*Asks:* 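Supplied in structure tokens, the structure appears directly below.
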Amino acid sequence: MAKESETSKRKADIKVVIIGDACVGKTTFIKRYIEGQFTENTETLGACFYLKQWGPHNIAIWDTAGEERFSGLNSFYCREASAAIVAYDITNPESFQRLHERYIPLLESAKDDCLLCVTGMKLDLEPSAKFRVPSSEAEDFSARLNFDRYKNQDRYRKPFFETSSLTGEGVNEVFEFIFKTLLTNGKPLAPQKSLVDLEKTPQPREKPACC
Amino acid sequence: MSVKAFELVPAVERLKLLGDKTKTSIECIECSGKNLYIGTSDCFVIHYLMEEVTQSNGKVTYISEKQNHKHLALRKPIRQLKAASALARILVLCDNVLSLLNMFNLEPILSGAKAKGITSFTVNDNPRHGDAFSIEIATCAKKRAVQVYVVTEDKITFIKEVAIPELPMNLAVDGFCMCVAMETQYILVNYETGAVRDLYPVSSQERAPFVRRIGKEFVLPGPGIGVFVTPAAISERPPIKWAEDVHGVGFSYPYIVAMDSEFLTIHSILDQKQKQTIPFQNGSIIGDFEGKIFVASSKDVYGLIPLPVEKQMFMHIQQQGGFIKFGEHQLIEAKEMFKGGKLDVRELICLFPNLLPSSSDFTRAVPFLHDYADINQIVQGNPERLQECRAFLLDYLEEIRGSESSAGSRMEIDTALLKLYASSNPKKLNEFLASENYCSLSDSLETLNAHKCYHAQGILYRIHGDYEKALNIWMRIQDEELKDPSFPGLEYIIQFLAKLSDHELVWRHVEWCLQKDPELTVKIFTERPEDEPPTERMRPDTIIDYLHAYPTAVIRYLEHLVFQRKLEKESYHTHLAVLYLNEVLKLRENQSTQGHVLNLARTKLRHMLQQSNLYRVQVILSKVKETDMYAECAILYGKLEEHDKALRIIVHKLQDYGAAENYCDINSSGRDLTYRRRLYQILLGVYLDPMEGKKDSLLAPAISLLNSETADFDTVRVLQLIPENWSIGLVKQFLRHSVENNMHLARTRKIQNSLSRNENLQVKYQMMKQRREPVYLSEERLCQVCNRNFVEPKFVRYPNGVITHTYCARNKTICPVTGKLFSVTKET
């Protein structure tokens with residue numbers, strides 16, 4: 001019995017990683033989704049880990065470090081990933097360029113049919129930005145990345161999103177898309193929020209009715 | 001959260017260890033039980049015995065004493081030491097050679113137990129095969145390979161080798177899985193299959209790559225972080241942040257202690273957060289040995305002692321961890337953590353709606369240990385899971401019940417247990433309630449009522465001292481007003497009343513019980529606690545009066561008084577005898593009475609009449625005489641010493657000659673021989689009385705009586721009684737027996753006579769001897785008692801020659817000077 005539970009320990013149904021250049025806002029993006037609010041974060045060291053319950057499914061979300069010096073480790077943390085959020089800064093074309101050069105190769109250790117969601121960050125800064133990564137270019141990139149997955153389908157929802165962690169726009173959609181695609185064949189499921197996060201101090205809340 | 005988890009305590013003093021050899025430094029340490037081994041740079045292995053001492057202020061210190069040392073004569077540093085206590089050996093790695101030493105005297109084992117070409121090794125604490133008398137080790141070879149050996153008491157046996165792409169630097173092993181640090185890459189090697197998996201590159205800053213097994217995972221350094229790796233080559237825990245130059249870790253659950261050149265940094269693996277840093281300059285060695293962490297610089301060894309205050313924090317973390325596990329439905333781990341963290345169990349109870357008693361003053365700890373509102377949020381409506389969770393709680397409560405840590409929440413624990421039992425296991429519920437418990441009354445009653453556990457309700461009332469309500473409920477169950485199959489029945493109520501010290505309450509319920517079962521009810525009075533002080537309300541006469549309407553009950557009670565308590569009071573005995581008699585008479589009147597029932601009643605009566613000497617015989621006799629109960633009549637006459645009448649009844653009415661002889665025997669017991677002879681004489685007279693019955697019809701019993709072994713006769717009187725016309729043949733045996741007996745008696749008397757005369761002669765001789773010596777009484781002679789002169793010729797002389805005044809001799813048999821006792825016979 002002890003052995004059984006040992007093997008089931010932290011056993012997540014799917015593993016989702018987020019990769020992308022330093023400072024594109026990967027940690028902020030994930031915290032927006034998990035905590036529902038905008039946070040300012042500094043450099044992630046190595047990696048960060050969240051466990052998310054989506055219906056009956058356990059999802060492990062790994063936040064990786066964008067810094068160059070962790071690239072060796074990132075490939076290790078991407079191992080066996082079922083989905084990857086390929087993140088770039090909409091207002092920083094260089095971060096989009098680097099995806100192809102530096103970050104997509106990290107996903108070699110991920111599962112063969114890994115779903116790659118190309119996700120633009122910082123949509124709220126777009127109006128004031130000098131440059132913008134064109135949506136069409138990113139969308140085409142996403143189609144190329146997932147060519148094998150969708151090669152038999154003519155029309156499909158391309159795994160491409162533009163989001164803002166500040167306003168929350170599009171953030172949930174990315175995760176919902178991934179979970180639906182991988183877990184329920186595109187059908188929706190009312191997710192329950194029952195996440196356990198060690199880093200978060202519990203909010204004071206009402207006394208349970210039973211006491 | 002930063003806490004003080006450990007304290008650094010010196011284990012071996014520098015002077016003791018190395019003396020003044022300044023160049024020598026510590027290369028490695030090993031600790032097993034109380035044994036501390038140190039390997040030095042100049043090839044010494046030193047053995048210490050180390051005692052952990054807790055001082056009065058709670059501080060822990062080490063007292064270490066050097067036992068022994070051994071120089072391995074290689075001029076090379078001792079690289080690694082590892083004790084294998086089961087084998088009583090130490091594994092020593094020196095100059096790339098692994099060898100064995102005796103654990104206690106440090107003598108090398110010279111049976112060829114050596115392995116060469118090894119740069120480092122590690123013991124597999126979780127070997128997949130092997131036995132208790134061998135250990136499995138994994139080694140880094142001096143070539144591109146890792147190896148496995150098995151070490152026994154006197155052998156190091158090579159098992160396997162797996163080739164790897166680079167030179168191995170360090171390794172850890174769990175099961176078949178080796179985690180190996182190579183020059184540029186960390187890899188996992190399965191030595192069973194030979195499979196090699198890359199993990200990630202060794203970063204250039206790292207001085208000495210290391211790997212360390214932690215439970216079922218490995219921890220290895222990344223750039224400024226510690227990375228967890230499972231045997232599946234993935235990570236299931238976020239990394240730990242630590243300094244760039246960490247070069248060793250120790251593990252004491254749940255803490256990882258990382259050593260860099262300036263600090264020891266302590267993290268919890270439960271939340272990956274840093275808990276404490278301890279400054280420690282130039283630390284070179286860190287290791288955990290059976291849960292204890294030791295660190296060493298080149299000259300000193302320190303122990304890391306967990307602090308009690310920290311323990312609290314650690315417990316807090318364990319508690320949180322327990323709830324996480326609980327939320328993930330990993331109940332075994334959850335239980336361990338709850339226990340380890342000494343969780344206030346009410347935190348757990350309050351997750352279950354309605355289990356916490358309303359009288360509890362418990363509120364959840366702030367900050368909250370978890371985010372769950374209640375159990376339903378955890379099980380998400382899954383009834384099986386809910387059931388498992390309840391079973392888990394029950395199990396957990398049972399386990400911690402009565403432990404020290406649960407002392408403050410006994411009421412909550414017991415009430416919750418009661419509620420859980422009530423819904424699942426009524427049998428256990430009653431057992432549970434019968435033992436000492438602290439259940440909250442109002443809450444429990446409600447629950448028990450809801451689950452129709454009425455008997456349990458009664459028990460609960462009883463525990464809380466409300467005997468009246470308890471009795472009330474039980475009576476209602478007995479009357480089948482309430483239904484509870486677990487109720488043991490009327491006897492239970494009786495037992496309870498028998499032990500109840502509130503006599504007033506007892507008396508109020510006696511009537512109800514009597515109506516149910518009078519005989520059982522008597523137990524209320526007969527089975528009272530022995531140490532109960534006698535009271536007016538429990539006086540036997542009061543009880544007898546009360547029971548009056550229930551003859552069977554009275555009989556039972558009187559039997560108790562007469563036979564068990566052996567009260568010698570005439571009225572009880574007479575009363576009991578009369579009741580027995582009435583019972584018999586009643587049965588006799590009733591035509592349909594079965595024989596054995598009557599027999600039993602009469603046996604009881606006779607037993608009573610025979611055994612007791614206290615009842616009023618006349619009262620009974622007057623009633624018995626009117627009937628044909630001859631046996632009883634005979635006993636009664638016997639009691640009146642009217643043996644002739646008694647025997648006549650036995651002989652003529654009952655015609656039971658055996659019984660007649662028996663009568664003589666019984667009634668003469670404890671009396672002298674003449675009385676006995678008189679009884680037998682009477683019996684013989686009855687047999688031979690020509691006036692009664694048919695003549696000669698009793699010849700046979702008379703003869704058999706005469707020839708009986710037990711009977712006793714005065715021969716002369718018997719001969720006078722025997723009719724003249726009897727032939728000598730009839731009484732031959734009796735006569736011969738009598739003659740023999742009398743002869744024997746006469747001869748015995750003669751011997752006695754002679755012996756006595758002889759004794760008398762001897763005494764006389766003694767007296768003569770004593771008297772022959774003259775006693776001179778002069779003026780100078782003083783009384784030996786009062787030291788005064790004798791003024792008259794009378795004196796006393798004791799057999800030992802002591803002379804005193806007559807009035808100074810108080811006791812003729814005791815010498816007043818020496819205290820010697822003279823026997824009375826010699827005096828005479």
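A, B, ... follow the sequence lines: proteins, then strands. Residue 1 opens every chain. Side chains are part of it too, since the values below use all heavy atoms of this structure and drop only hydrogens, waters and symmetry mates. Every value quoted in this text rests on a predicted model; they were computed, and no experiment measured them.
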*Asks:* What closest approach, in Å, do A/Ala47 and B/Pro239 show between heavy atoms, and which atom pair accounts for it?
*Replies:* O-CD, 3.1 Å
*Asks:* Once rounded to the nearest 0.5 Å, what's the spacing between atom OG of A/Ser109 and atom CG of B/Leu199?
*Replies:* 11.0 Å
*Asks:* Apply side chain to side chain contact (heavy atoms under 4.5 Å, CB included) to A/Arg79 and B/Arg197, showing your working.
*Replies:* CA-CA 12 Å; A/Arg79 196 163 271 177; B/Arg197 293 190 75 173; 4.0 Å; yes
*Asks:* Taking CD in A/Glu67 as the centre, count heavy atoms belonging to other residues, nucleotides or ligands within less than 6.0 Å. Is the count above 12?
*Replies:* yes
*Asks:* Using 4.0 Å as the upper bound for N to carboxylate O, is an ion pair formed by A/Arg69 and B/Glu244?
*Replies:* yes
*Asks:* Has A/Glu108 got more than 12 heavy atoms of other residues, nucleotides or ligands less than 6.0 Å from its CD?
*Replies:*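 Counting other residues, nucleotides and ligands, CD of A/Glu108 stays at 12 neighbours or fewer.
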*Asks:* Would you mind telling me which of B/Ala233, B/Gly327, B/Ala232 has the largest number of heavy-atom pairs within less than 4.5 Å of chain A?
*Replies:*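 Ranked by contacts with chain A, first place is B/Ala233.
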*Asks:* Quick one: does B/Pro223's side chain get under 4.5 Å of A/Leu73's, heavy atoms only?
*Replies:* yes
*Asks:* Under 4.5 Å heavy-atom distance to chain A, tell me which part of B/Ile225 shows up: side chain, backbone, both or neither.
*Replies:*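 Contact with chain A is through the side chain of B/Ile225 alone.
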*Asks:* So does A/Glu40 have more than 12 non-hydrogen atoms from other groups sitting under 6.0 Å from CD?
*Replies:* no
*Asks:* With respect to chain B, which residue among A/Gly72, A/Ser75, A/Cys78 yields the maximal number of heavy-atom pairs within a distance under 4.5 Å?
*Replies:*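 Top option by heavy-atom pairs under 4.5 Å: A/Gly72.
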*Asks:* For A/Phe38, look at atom CZ and say whether over 12 heavy atoms of other residues, nucleotides or ligands are found less than 6.0 Å away.
*Replies:*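 Counting neighbours around CZ of A/Phe38, more than 12 heavy atoms of other residues, nucleotides or ligands fall under 6.0 Å, so yes.
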*Asks:* Is there side-chain contact between A/Phe76 and B/Val229, with at least one heavy-atom pair below 4.5 Å?
*Replies:* yes
*Asks:* Assess whether atom CD of A/Glu43 is packed by more than 12 heavy atoms of other residues, nucleotides or ligands within 6.0 Å.
*Replies:* yes
*Asks:* Kindly compute the distance separating CZ (A/Phe49) from CD (B/Glu236), expressed to the nearest 0.5 Å.
*Replies:* 7.5 Å
*Asks:* In Å, rounded to the nearest 0.5 Å, how long is the span from OG of B/Ser235 to NZ of A/Lys15?
*Replies:*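 That separation rounds to 7.0 Å.
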